[in-house]
Amino acid sequence: MFHVELVELMDEQWDVAGAVARVFGERAEQAGAYRDALASDGVVRGLIGPREVPRLWVRHVLNCAVLGELVGAGETVVDVGSGAGLPGIPLAIARPDVRVTLVEPLLRRSVFLQETVDALGLDNVTVVRGRAEESGVVKEVGGADVVTSRAVAPLEKLARWSLPLVRVGGRMLALKGSSAAEEIDRDRAALTRLGAGNLEALECGGDILPVPTIVVRAERVAQHGRRKR
């Protein structure tokens, strides 16, 4: 049985094990193995702070996996600045029908990602070392249905990295905090110039998590610098 943090179980209004089972189904053990990798190697390698260990399920693994509510069947997903694999790996575990590419520039992180993907047997995940804005990365992983990110950069900068990887008609899905709506208002004009439209802040996992995951959704409606008529 996968590990469940006792700190989280202190909240009697939220059944952690039940939430894991609902989100991951038959792949709950894989999700648990990933959570354990974050709690051990992830901490040792400096990818996860030790204070985060008591809340890995709620703040990290489940928080990211519920992003699957916004991803369609069989879509291709690129996770920009994947770091420890968030949100890409939880999404790939919860949604084996989705093809996920983890893009990470730092060697120590990309090594951890590849080792974790191999250990978990995630045949729907590819690790690419590089920066999202590099021409080689754009050529290799561009044209995705969805580009995701989590706590990577302010919205405008994130859009500059993410939108070139998204096909026209695809979406950027950025996990953000409670300031998501304010970021949209602040950066709307800049994102429009970059070819984004239909910006909105959405909630995921509202019936699963104690606090829903907030996601900024932006559709790529035009090529860079060209508005859709």
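Computed over heavy atoms, backbone and side chain alike; hydrogens, waters and symmetry mates excluded.
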Restricting to non-hydrogen atoms, name the atom on L67 and the atom on P87 that form the minimum distance, rounded to 0.1 Å.
CD2-CG, 4.1 Å
Quick one: does Q30's side chain have a donor or acceptor within less than 3.5 Å of a partner on R27's backbone?
no
Side-chain heavy atoms of V103 within contact of V78, under 4.5 Å
yes
Could you check whether any side-chain heavy atom of I89 comes within less than 4.5 Å of a side-chain heavy atom of V61, counting everything from C-beta outward?
no
side-chain contact (heavy atoms from CB on, under 4.5 Å), that's the test. Do S149 and L175 meet it? Break it down for me.
CA-CA 6 Å; S149 58; L175 276 69; over 6 Å; no
Measure the CD-CD1 distance between E26 and I93 for me, rounded to the nearest 0.5 Å.
14.5 Å
Taking C-beta and beyond as the side chain, do R186 and P154 meet within less than 4.5 Å on heavy atoms?
yes
Closer than 4.0 angstrom, basic N to acidic O: yes or no for R188 and E156?
no
Nearest heavy-atom pair of T76 and G143: which atoms, and what distance?
OG1-O, 4.5 Å
Using 0.5 Å steps for rounding, measure from the OG1 atom of T148 to the CG atom of L70.
11.0 Å
To the nearest 0.5 Å, tell me how far S162 OG sits from K157 NZ.
12.5 Å
Just by distance, with hydrogens left out, do T126 and R99 show a side-chain donor and acceptor under 3.5 Å apart?
yes
Could you give the distance from OH (Y34) to CG (L56), rounded to the nearest 0.5 Å?
9.0 Å
So, do V221 and V168 sit near enough that their side-chain heavy atoms are less than 4.5 Å apart?
no
Flag the pair V211 / E203 as yes when at least one side-chain heavy-atom distance between them is below 4.5 Å, and no otherwise.
no
Quick check: is F24 connected to V117 through a chain of hydrophobic side chains (ILVMFWY, heavy atoms under 4.5 Å apart)?
yes
Under a 4.5 Å cut-off applied to non-hydrogen side-chain atoms, are R160 and L191 in contact?
no
Listed once per pair and sorted, the side chain to side chain donor-acceptor pair (under 3.5 Å) pairs that draw on residues 108-125, sequence neighbours left out:
R45-E115, Q114-D118
Shortest non-hydrogen contact from V98 to G72?
CG2-O, 4.0 Å
Grouping I, L, V, M, F, W and Y whenever their side-chain heavy atoms are under 4.5 Å apart, do V166 and L158 come out in a common cluster?
no
Should V20 and E29 be marked as a side-chain contact (heavy atoms from CB on, under 4.5 Å) after you check the CA-CA gap, both sets of side-chain angles, and the distance that decides it?
CA-CA 9 Å; V20 172; E29 292 296 334; over 6 Å; no
Any chance you could lay out the side-chain contact (heavy atoms from CB on, under 4.5 Å) test for D145 and V77, step after step, and finish with the verdict?
CA-CA 6 Å; D145 298 308; V77 178; over 6 Å; no
Co-membership, hydrophobic cluster, residues L106 and I48, 4.5 Å side-chain:
no
Between F112 and L38, is there a side-chain heavy-atom distance shorter than 4.5 Å?
yes
Looking at D79 and R150, is there a salt bridge between them, counting it only when a charged N and a carboxylate O are closer than 4.0 Å?
no
Closest non-hydrogen atom pair between P90 and G85, with its separation:
CD-O, 3.2 Å
Rounding to 0.5 Å, atoms CG (L155) and CD (E182) come to a distance of 12.0 Å
Quick check on the hydrophobic clustering: are V137 and L102 connected, directly or via other members, by side-chain heavy-atom contacts under 4.5 Å?
no
Which atom pair, heavy atoms only, marks the closest approach of I184 to A201?
CD1-N, 3.6 Å
Under a single-linkage definition using a 4.5 Å side-chain heavy-atom cutoff for Ile, Leu, Val, Met, Phe, Trp and Tyr, are I214 and L173 assigned to the same hydrophobic cluster?
no
Taking 4.0 angstrom as the limit, do K176 and E183 come out as a salt bridge?
yes
Heavy-atom closest contact (V138 atom, A132 atom, distance)
CG2-O, 3.5 Å
In this structure, NZ of K139 is separated from CD of E134 (nearest 0.5 Å) by 14.0 Å
Side-chain (T213) to main-chain (N63) donor-acceptor, under 3.5 angstrom:
yes
Run the numbers on E52 and H60 for side-chain contact (heavy atoms from CB on, under 4.5 Å), then give the verdict.
CA-CA 9 Å; E52 293 301 306; H60 299 282; 2.7 Å; yes
Check whether any side-chain heavy atom of S82 lies under 4.5 Å from a side-chain heavy atom of L113, and answer yes or no.
yes
N198: which of R217, E219, R220, R171 passes side-chain hydrogen bond (donor to acceptor under 3.5 Å, both in side chains)
E219
